[in-house]
Amino acid sequence: MENIGVLIYTHNRVDDAKINMEIIRNVWQKTNYLNNVIIIHAFNGEKQWYPKKYLEDELVIVKNSWHFQGASDLIDLGIKKFQKYKNITHVIVLASDTWLIEPQYLENLLQEMQSKELHLA
């Protein structure tokens, strides 16, 4: 069992972010390898689009500094939130509409990362 951090970032694809979290909570966590996942969701859209947490452990609301810089800010500030989770071994960064629906693919990737001492996918 690994302690995996997942950072989901979005501006306006909030339905995609919710589906992504549902996949993580309902598909990934049924495996032995991915059953301890911390989800941080970094969001920089309009508050009314996503007024409260859904299935994430933490919601990070960031001021939108526009397209490319905004995405960078979401990732940077979201990853900083993982510092308080001392047992996280790997962090996976996903755009809200990037769904990893095959847990075996992810398990293989993480095992390869572990053997190569890599920590970010």
Notebook entry, point to check: So E112 and N108, side chain to side chain donor-acceptor pair (under 3.5 Å) or not? Walk me through it.
Noted result: CA-CA 6 Å; E112 180 181 349; N108 292 341; over 6 Å; no
Next item on the list: Would you please test L59 and Y54 for side chain to side chain contact (heavy atoms under 4.5 Å, CB included) and show each step?
Entry: CA-CA 9 Å; L59 174 61; Y54 181 58; over 6 Å; no
Next item on the list: Could you walk me through whether L55 and E22 pass side chain to side chain contact (heavy atoms under 4.5 Å, CB included), step by step?
Entry: CA-CA 7 Å; L55 297 175; E22 290 171 1; 3.7 Å; yes
Check: Hey, mind stepping through V6 and I40 against side chain to side chain contact (heavy atoms under 4.5 Å, CB included) and telling me if it holds?
Finding: CA-CA 6 Å; V6 177; I40 294 179; over 6 Å; no
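The local environment of CD1 in I101 is sparse, with at most 12 non-hydrogen atoms from other residues, nucleotides or ligands closer than 6.0 Å. In the displayed structure, Q48 atom CD is contacted under 6.0 Å by more than 12 heavy atoms of other residues, nucleotides or ligands. At most 12 heavy atoms of other shown residues, nucleotides or ligands fall within 6.0 angstrom of atom CD in E102.
Using a 4.5 Å heavy-atom cutoff, the side chains of L106 and W28 are in contact. Inter-residue side-chain proximity for I8 and I39 is flagged as met; some heavy-atom pair is nearer than 4.5 Å. Using a 4.5 Å cut-off on side-chain heavy atoms (C-beta onward), P103 and V27 make contact. Annotation: side chain of K63 is not in contact with side chain of N44 (no heavy-atom distance under 4.5 Å). E58 is listed as a side-chain neighbour of Y85, based on a closest heavy-atom distance under 4.5 Å. Within the 4.5 Å cutoff, side-chain heavy atoms of L94 are placed close to those of N20. Considering only heavy atoms from C-beta on, I4 comes within 4.5 Å of L110 through its side chain. Inter-residue side-chain proximity for W49 and H11 is flagged as met; some heavy-atom pair is nearer than 4.5 Å.
Going from atom CD of E46 over to atom CD1 of I61 covers 11.5 Å, rounded to the nearest 0.5 Å. Taken to the nearest 0.5 Å, the CD1 atom of I24 stands 10.0 Å off from the CD atom of E56. In this structure, L74 CG and S65 OG are separated by 7.5 Å, a value rounded to the nearest 0.5 Å. Note that CG of D15 and OG of S96 are 9.5 Å apart. Values are rounded to the nearest 0.5 Å.
Residues A42 and G78 come closest through the heavy atom pair CB-CA, 4.5 Å. The minimum heavy-atom distance linking V14 with T10 is given by the pair N-OG1, 4.2 Å. Between L100 and I23, the shortest heavy-atom distance links the atoms O-CG2, 3.6 Å. Contact between V37 and Q29 at its shortest, heavy atoms only, is N-NE2, 3.1 Å. What you find for I38 and F82 is that their closest heavy atoms are O-CE2, 3.8 Å. Pairing each heavy atom of M113 with each of H90, the nearest pair is CE-CD2, 3.6 Å.
No close placement of the H41 and Y9 rings is indicated, their centers lying 6.0 Å or farther apart.
Of the possible donor and acceptor atoms, one in the side chain of T89 sits under 3.5 Å from a partner among the backbone N and O of N3. Judged by distance alone, with hydrogens and angles left aside, the side-chain atoms of K53 form a donor-acceptor pair with the main-chain N or O of D57 at under 3.5 Å. Judged by distance alone, with hydrogens and angles left aside, the side-chain atoms of K84 form no donor-acceptor pair with the main-chain N or O of K81 at under 3.5 Å.
Side-chain contact check for Q69 and D73: at least one donor-acceptor pair (N or O, by modelled atom type) lies under 3.5 Å.
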